[in-house]
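Below: one structure, written as structure tokens.
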Amino acid sequence: LALCQENGIGDLDLAFAYEALARAYAVAGDTVRAREALAQARQASGQIEDPDNRTYLEGELATIAP
């Protein structure tokens, strides 16, 4: 996430950085942070240009249960 933010990297990479954080927080049992990261991933998905990539991300986010 930091690399994306520091280098202006967005689109799918940024959304999946938030997805990774959401998944890690969920596994660690930190449901508050997991939900926050999920919300950020969903927000970042709005900037994904390719609709297929957006659909792929949404499918992955649906597998995270905070």
Side-chain angles (χ1 to χ4, degrees):
L1 176 61
L3 289 173
C4 288
Q5 292 172 329
E6 291 168 7
N7 294 289
I9 299 170
D11 204 81
L12 190 65
D13 296 315
L14 179 62
F16 265 106
Y18 285 119
E19 180 270 347
L21 284 177
R23 194 172 298 281
Y25 285 134
V27 168
D30 190 337
T31 57
V32 172
R33 285 188 171 163
R35 287 187 186 118
E36 290 171 356
L38 272 171
Q40 290 170 310
R42 288 186 179 111
Q43 182 179 6
S45 74
Q47 299 174 358
I48 297 173
E49 292 183 27
D50 184 329
D52 291 334
N53 284 344
R54 191 175 315 109
T55 299
Y56 176 64
L57 171 72
E58 290 167 358
E60 291 300 309
L61 295 179
T63 67
I64 302 171

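If you're wondering where the values come from, they're calculated on a predicted model, not measured in any experiment. One is the number of the first residue; the rest follow in order along the sequence.
- The distance from the CD atom of E19 to the CD atom of Q40 is 13.0 Å, given to the nearest 0.5 Å.
- When all heavy atoms are compared, the tightest approach of A41 to L57 is O-CD2, 4.0 Å.
- No single ILVMFWY cluster, assembled from side-chain heavy atoms under 4.5 Å apart, contains both Y18 and L61.
- Once rounded to the nearest 0.5 Å, the distance linking CG of L21 with CG of L38 reads 10.5 Å.
- Judged as a salt bridge (Lys or Arg N to Asp or Glu O under 4.0 Å), not a single pair has a partner in residues 49-59 (not counting sequence neighbours).
- The two residues A17 and C4 have their closest heavy-atom pair at CB-SG, 4.5 Å.
- Of all heavy-atom pairs between Q47 and D11, the closest is O-OD1, 3.3 Å.
- Sorted by first and then second residue, the ring-ring contact (aromatic ring centres under 6.0 Å, His included) pairs involving residues 45-66 (not counting sequence neighbours) are F16-Y56.
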Atom pairs and distances, donor-acceptor, side-chain atoms in residues 25-33, under 3.5 Å, two or more places apart:
{"unit_1": "D30", "atom_1": "OD1", "unit_2": "R33", "atom_2": "N", "d": "3.1"}

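- In this structure, I48 and N53 approach most closely via the heavy-atom pair CG2-CB, 3.7 Å.
- Around atom CD of Q43, no more than 12 heavy atoms belonging to other residues, nucleotides or ligands sit under 6.0 Å away.
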